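Step one of this worksheet: look at the structure below.
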Amino acid sequence: MRLSQYILPTQKEDPSDAQVSSHRLMIRAGLIRKEAAGMYAYLPAGLRALRKVTAIVKEEMDKAGAMECLMPELTSADLWKESGRWESMGPEMFRIRDRNSMEYALGPTHEEAFTALVRSVVSSYKDLPVNVYQINTKFRDEIRPRFGVIRSKEFIMKDAYSFDVDQNGLDLSYDKMASAYRAIFDRCGLETIPVQADSGTMGGSASEEFMVASEVGEETLLICRECGYSANQEKAGFKREDNVAGEVAELREVHTPNIKTIDDLAAFFKCEKKVFLKTIVFVADGEAVVAVVTGDRDINETKLKSFLGAAELEQADDKTVESVTGSAVGFAGPVNCDAKRIVFDYGVAQVQGAITGANKTDYHFAGVHPGRDFVISEEADIVEAIDGDLCPECGKPMITRKGIEVGHIFKLGKKYTESMKVNVLDNNGKAVVPLMGCYGIGVTRTLAAVIEQHHDEKGLIWPKAVAPFDVHLVGIGKSEGEKAAIDEVYTALLSDGLEVLYDDRKLSPGVKFADADLLGLPVRITCGKSYFQDGELEIKIRKTGEQLTVKPDVLAKKIREIIAGLDRE
RNA sequence: CGGGGUGUGGCGCAGUCCGGUAGCGCACCUGGUUUGGGACCAGGGGGCCGAAGGUUCGAAUCCUUUCGCCCCGACCA
């Protein structure tokens, strides 16, 4: 491709609205343009890179036995009503009506669509297993799109759905996807960390996320370097240290005017935060529920929600808190609390002489003992694991890392096949409900993640497999004869099957070199002075900065060697 | 949805406090000189200052409303 005839609008300056490297560089290197918040256009070079990623995804999916389909983006409300998600999905689903007022959603995900499709084509256990997938645009009305293509309102996702007659089959399908995912991310040049994840509202048992470690990641992971345990903070457990905090004391009421937060209380009582019992009121599926944790910990709402088995969980508003505790917000406590359900974190039992709200405005209790002053009715792990907590597997301290979620695989079980009445006959002629798995890869986000992991201060450094072109040919010729000679080099590389971006623009060399560094193709060839004088072409490897010169007859061969050797550690 | 910020040529910004009809750098066009790490000289084109309303002799600037965008939070497979 001749750059003089190509759209590659590179920019010298960073766009003012880009915060993260991938976003900044994708704009600057002319790969994408913003259309509106959370909506991006892919320009030719950006699309080429995106196609490389999708090609890898396809190849590995097909290799794992999955079959590509293409589902409509417009999905009828009826489909969603079958599974119940028309109601439960919430405002992140774009809903529209046609001229006859028929309701539709722009597909945010396609469990229903694929389940309905498979339902219509399978009838016997002999038809299973099947694994169907598509690479298609998803629409989600994100509360806050950000980080360019990493969290946008419209993005490309590969979503696959497996259907099996029994648990064994599902396990097998799931494992196949798990290894296909490893191969996909590996080929894209991405280092991913597979982590255990909460299966959330999707239901189902096992769930694994593929995270790319990155400062700008929106998820926090807990990782044990000792035994390899890794989990999303939403789900991560940790081993409790067994030492009792606080000292034995008599229960007494203390006047604490307007002192509500743990920080204020710690200052007032001059004690460690962990001897306080933090008591928070939630509303779970419409019912008030009280959660109690030690003052040094944050409640993990995902854990609480899954312990309660609730579909919806939110912090109670002030009015609800007042009616549950009989006091102003900030003075809730487990003593004399008449809430129907109180969930205690495991850490609570280890505190004695605790300080906690008295359910009376401007008063706290000190010297509170679990068991003596209140009953631990329900106990669970409902707090967030943090950096330094002990690994639940091996007991060694864990570290935290930020990560971008690029893939997620789930064992869904019968959640959709049951509600949408899918069944097949087994070998006894009896109807059985197939078990489902679902497997997603954020394709556009994967591209951004690749860039997050592969760039320097000058620009991108593409891994070979996803680079929009193999070679960046920089021509520095003055006379017509020189230009013709460079054209010949270009043509020769093309006929050798290499993907070449040829900078034939009438610009000064510095500009061309800077653009080449910015776009970051694996190999740069400079064809200029040394070629016209000594017949030597210069090769520069973007990743290492290494330079060498070769004669034109071995150029293509040398390039192939270099590219083949790239991305090896 | 709450808090904060911002909107001025394609991009990055100044001008707004203190009202007088818009400027800088980059990019772009023409001619010339240049050409191995973001060249130089000369000339040139392009903006109803996010939108609407108001105050005023006069508004990018003051007031009101509104919209977009960005950040933090809430929220969110």
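All values reported here derive from a predicted model rather than from experimental measurement. Naming convention: chains lettered A, B, ... in sequence-line order (proteins, then strands); numbering from 1 in each chain. Both backbone and side-chain heavy atoms feed into the values below; hydrogens, waters and symmetry mates do not.
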Taking only the side-chain nitrogens and oxygens of [X], find out if one of them lies under 4.0 Å from OP1 or OP2 of [N].
X: S508(A); N: rG37(B); result: no
X: K34(A); N: rC70(B); result: yes
X: R144(A); N: rC71(B); result: yes
X: T526(A); N: rG36(B); result: no

_Salt bridge flag under 4.0 Å for residues E218(A) and K402(A)_ = no
*Which comes earlier along RNA chain B counting from the 5' end, the contact point of G510(A) or that of E301(A), where each point is its nearest nucleotide?*
G510(A)
*For K458(A) and for E405(A), locate the closest nucleotide of RNA chain B by heavy-atom distance; then report the residue assigned to the nucleotide nearer the 5' terminus.*
K458(A)
*From the options D14(A), D515(A), D517(A), select the one residue that forms a salt bridge (charged side-chain N to carboxylate O under 4.0 Å, His left out) with R28(A).*
D14(A)
Length of the [atom1]-[atom2] vector between [X] and [N], whole Å:
X: E218(A); N: rC75(B); atom1: CD; atom2: P; result: 15 Å
X: L507(A); N: rC29(B); atom1: CG; atom2: P; result: 10 Å
X: L43(A); N: rC11(B); atom1: CG; atom2: P; result: 14 Å
X: I27(A); N: rG10(B); atom1: CD1; atom2: P; result: 16 Å
X: H23(A); N: rC70(B); atom1: NE2; atom2: P; result: 8 Å
X: L518(A); N: rA27(B); atom1: CG; atom2: C1'; result: 15 Å
X: E142(A); N: rC70(B); atom1: CD; atom2: P; result: 13 Å
X: E112(A); N: rA77(B); atom1: CD; atom2: P; result: 14 Å

When you get a sec, tell me which of [options] is the closest nucleotide to the side chain of [X]?
X: D515(A); options: rG37(B), rG38(B), rC75(B); value: rG38(B)
X: S16(A); options: rC71(B), rC13(B), rA77(B); value: rC13(B)
X: D17(A); options: rA39(B), rU35(B), rC69(B); value: rC69(B)
X: F513(A); options: rA77(B), rG38(B), rG37(B); value: rG37(B)
X: D517(A); options: rG36(B), rG37(B), rC70(B); value: rG37(B)
X: I143(A); options: rC70(B), rA74(B), rG37(B); value: rA74(B)
X: E13(A); options: rG38(B), rG25(B), rU35(B); value: rG25(B)
X: H408(A); options: rG38(B), rA77(B), rG25(B); value: rA77(B)
X: K12(A); options: rG38(B), rA77(B), rG37(B); value: rG38(B)

Could you work out the separation of [N] and [M] based on their [atom1] atoms and round it to a whole Å?
N: rC24(B); M: rG44(B); atom1: P; result: 13 Å
N: rC69(B); M: rA27(B); atom1: P; result: 30 Å
N: rA59(B); M: rA52(B); atom1: P; result: 14 Å
N: rU61(B); M: rG7(B); atom1: C1'; result: 14 Å
N: rG53(B); M: rC75(B); atom1: C1'; result: 35 Å
N: rC13(B); M: rU6(B); atom1: C1'; result: 13 Å
N: rC48(B); M: rG37(B); atom1: P; result: 41 Å
N: rC49(B); M: rA14(B); atom1: C1'; result: 13 Å

Is there, by distance only and without an angle test, a donor paired with an acceptor across the side chain of [X] and the base of [N] below 3.5 Å?
X: R524(A); N: rG37(B); answer: yes
X: Q11(A); N: rG10(B); answer: no
X: K540(A); N: rG37(B); answer: yes
X: E234(A); N: rA77(B); answer: no

*Is the F210(A) to F185(A) ring centre distance short of 6.0 Å?*
yes
Need the pair for [N]. Rule: Watson-Crick or G-U wobble, both distances under 3.5 Å, any strand; none if unpaired.
N: rC24(B); answer: rG12(B)
N: rG2(B); answer: rC72(B)
N: rC40(B); answer: rG32(B)
N: rU66(B); answer: rG50(B)

*What pair of heavy atoms forms the shortest contact from I486(A) to C527(A), and how long is it?*
CG1-SG, 3.6 Å
_Restricting to non-hydrogen atoms, name the atom on A385(A) and the atom on Q233(A) that form the minimum distance, rounded to 0.1 Å._
O-NE2, 2.9 Å
*asked:* In terms of relative ring orientation, are Y490(A) and Y502(A) parallel, tilted or perpendicular, with 30° and 60° separating the classes?
replied: tilted
*Mind checking side chain to side chain donor-acceptor pair (under 3.5 Å) for K158(A) and listing every partner two or more places apart, or none if nothing turns up?*
Y181(A)
With a non-hydrogen cut-off below 4.0 angstrom, is [X] in contact with a base, only sugar-phosphate, or nothing?
X: Q19(A); value: sugar-phosphate
X: A37(A); value: sugar-phosphate
X: R151(A); value: base

*Within 45° of the axis and under 6.0 Å from the centre of the six-membered ring of W80(A), does NZ or CZ of R95(A) qualify?*
no
*Pick out which of M93(A), E112(A), H110(A) makes a side chain to side chain contact (heavy atoms under 4.5 Å, CB included) with T75(A).*
H110(A)
